[in-house]
Amino acid sequence: MTKAYLGIGTNLGDKEKNILRAYEMIEERVGEITRRSSLYETEPWGYHSEHSYLNSAICVDTELSPRQLLMATQRIEREMGRTQKSIDGHYHDRVIDIDILLYGDETIDEPDLKIPHPLMQERDFVMNPLNEIKPK
C-alpha cells in the first residue's frame with residue numbers, strides 16, 4: 001500500500017458537488033481516502049476566467065502503480081465531463097482536475113507522468129491544501 005497525495009480542482013458547475021463526486025469515485029477505484037483538506041476557493045492560475053476554483057488535496061492509500069493511478073484519475077476526469085487536458089501551459093475552465101502530487105517517496109520523470117508534480121511548489125492552491133494534510 002502506498003500513500004498518494006492528489007490535488008483536486010474544479011471551476012464549473014456545482015463545484016462542491018464535483019469535488020465530493022471525485023472523492024467518491026477515487027474511493028471506489030483508487031483506494032481509501034485517509035485525509036482530506038479543507039476546500040479552498042481560489043482564482044484561476046495561468047489564464048483569465050470569470051469562474052473561481054474550488055481546490056482540495058487528499059491522501060489516498062492505494063495499491064495501484066503510479067501509471068495505473070494516472071489512468072484511473074484520467075478516466076474519472078473524462079467520466080465527470082472533462083474533455084480537454086491542459087497542454088504546454090494553455091489552461092481552460094474544467095469540471096474536474098485531478099493531479100498526482102506525490103506517490104510515496106517516488107520520483108518519476110516521464111513525458112506524461114511527473115512525480116512530484118513539477119509545478120506544485122509554485123501554486124498556493126496546491127500547497128495550502130497539501131500542507132494541511134501532509135506531515136512535514
Side-chain angles (χ1 to χ4, degrees):
M1 200 70 74
T2 301
K3 290 198 177 306
Y5 289 85
L6 306 178
I8 302 173
T10 176
N11 78 328
L12 292 175
D14 185 332
K15 294 179 252 189
E16 188 169 348
K17 184 177 177 182
N18 293 344
I19 296 270
L20 294 175
R21 180 66 183 134
Y23 290 165
E24 290 172 7
M25 294 175 83
I26 289 166
E27 286 228 299
E28 290 168 2
R29 302 172 189 197
V30 174
E32 180 185 0
I33 296 173
T34 59
R35 291 191 199 105
R36 291 188 211 185
S37 74
S38 303
L39 299 178
Y40 290 75
E41 187 167 0
T42 63
E43 294 302 313
W45 185 93
Y47 76 107
H48 173 74
S49 174
E50 295 178 10
H51 306 283
S52 65
Y53 274 82
L54 201 58
N55 297 96
S56 75
I58 61 172
C59 177
V60 59
D61 285 339
T62 187
E63 293 184 10
L64 299 180
S65 70
R67 173 71 48 197
Q68 291 169 324
L69 178 58
L70 177 65
M71 291 176 5
T73 58
Q74 288 180 340
R75 190 175 313 111
I76 291 167
E77 289 176 335
R78 284 191 305 274
E79 289 179 19
M80 288 187 65
R82 183 161 184 190
T83 58
Q84 297 178 303
K85 291 297 283 181
S86 301
I87 300 172
D88 296 330
H90 292 89
Y91 301 102
H92 50 82
D93 293 340
R94 69 233 25 205
V95 68
I96 199 71
D97 183 37
I98 305 170
D99 289 329
I100 303 170
L101 305 176
L102 301 165
Y103 183 91
D105 294 329
E106 290 196 37
T107 299
I108 299 171
D109 188 6
E110 297 173 5
D112 63 337
L113 180 60
K114 298 189 184 310
I115 300 174
H117 191 287
L119 298 175
M120 70 182 195
Q121 297 288 344
E122 300 173 24
R123 299 172 171 178
D124 287 344
F125 67 87
V126 173
M127 295 308 297
N128 289 338
L130 182 61
N131 286 332
E132 183 183 329
I133 64 168
K134 183 171 183 335
K136 301 291 179 204

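Note that the numbering runs from 1 along the sequence shown for the chain.
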*Taking the side chain as every heavy atom from C-beta outward, state whether Ile100 and Leu70 have any atom pair closer than 4.5 Å.*
yes

*Considering non-hydrogen atoms only, spot the tightest contact between Leu102 and Pro116 and give its length.*
CD2-CB, 3.7 Å

_Quick check: closest heavy atoms across Gly9 and Tyr53, and the distance to 0.1 Å?_
C-CD2, 4.4 Å

*Find out whether Leu6 and Ile33 are in side-chain contact, i.e. whether some heavy atom of one side chain is under 4.5 Å from a heavy atom of the other.*
no

*Between atom CG of Asp112 and atom CZ of Arg67, what is the distance when rounded to the nearest 0.5 Å?*
4.0 Å

*Hey, which of Leu20, Ile19, Ile8 is the one that makes side-chain contact (heavy atoms from CB on, under 4.5 Å) with Leu39?*
Ile19

*Any salt bridge between Asp99 and Lys114, counting N to O under 4.0 Å?*
no

_As an exercise, state the distance from NZ of Lys17 to CZ of Arg21, rounded to the nearest 0.5 Å._
9.5 Å

_Return the OG1 to CG distance between Thr10 and Asn18, rounded to the nearest 0.5 Å._
4.0 Å

*Please name all residues satisfying salt bridge (charged side-chain N to carboxylate O under 4.0 Å, His left out) with Asp61, sequence neighbours left out, ordered by chain then number.*
Lys3

_Please give me the minimum heavy-atom distance between Met80 and Ile96, naming the atom from each residue._
CB-CG2, 3.9 Å

*Can you sort out the partners of Arg36 under salt bridge (charged side-chain N to carboxylate O under 4.0 Å, His left out), two or more places apart, ordered by chain and number?*
none

*Atom pair CZ (Arg35) and CD (Glu132), whose distance is rounded to the nearest 0.5 Å*: 11.5 Å

*asked:* Closer than 3.5 angstrom, by distance alone: can the side chain of Lys15 be matched with the main-chain N or O of Glu41 as a donor-acceptor pair?
replied: no

*asked:* For Val30, is there any backbone N or O sitting under 3.5 Å from a side-chain donor or acceptor partner on Thr62?
replied: yes

*Expected output: side-chain Ser56 to main-chain Ser37 donor-acceptor under 3.5 Å*: no

*So, do Ile58 and Tyr23 sit near enough that their side-chain heavy atoms are less than 4.5 Å apart?*
yes

_Could you report the tightest heavy-atom contact between Pro66 and Ile115, atom names first, then the distance?_
CB-CD1, 4.1 Å

*OG1/Thr73 to CZ/Arg29 distance, rounded to the nearest 0.5 angstrom?*
11.0 Å

_When you compare the side chain of Met127 with that of Leu101, does any pair of heavy atoms fall below 4.5 Å?_
no

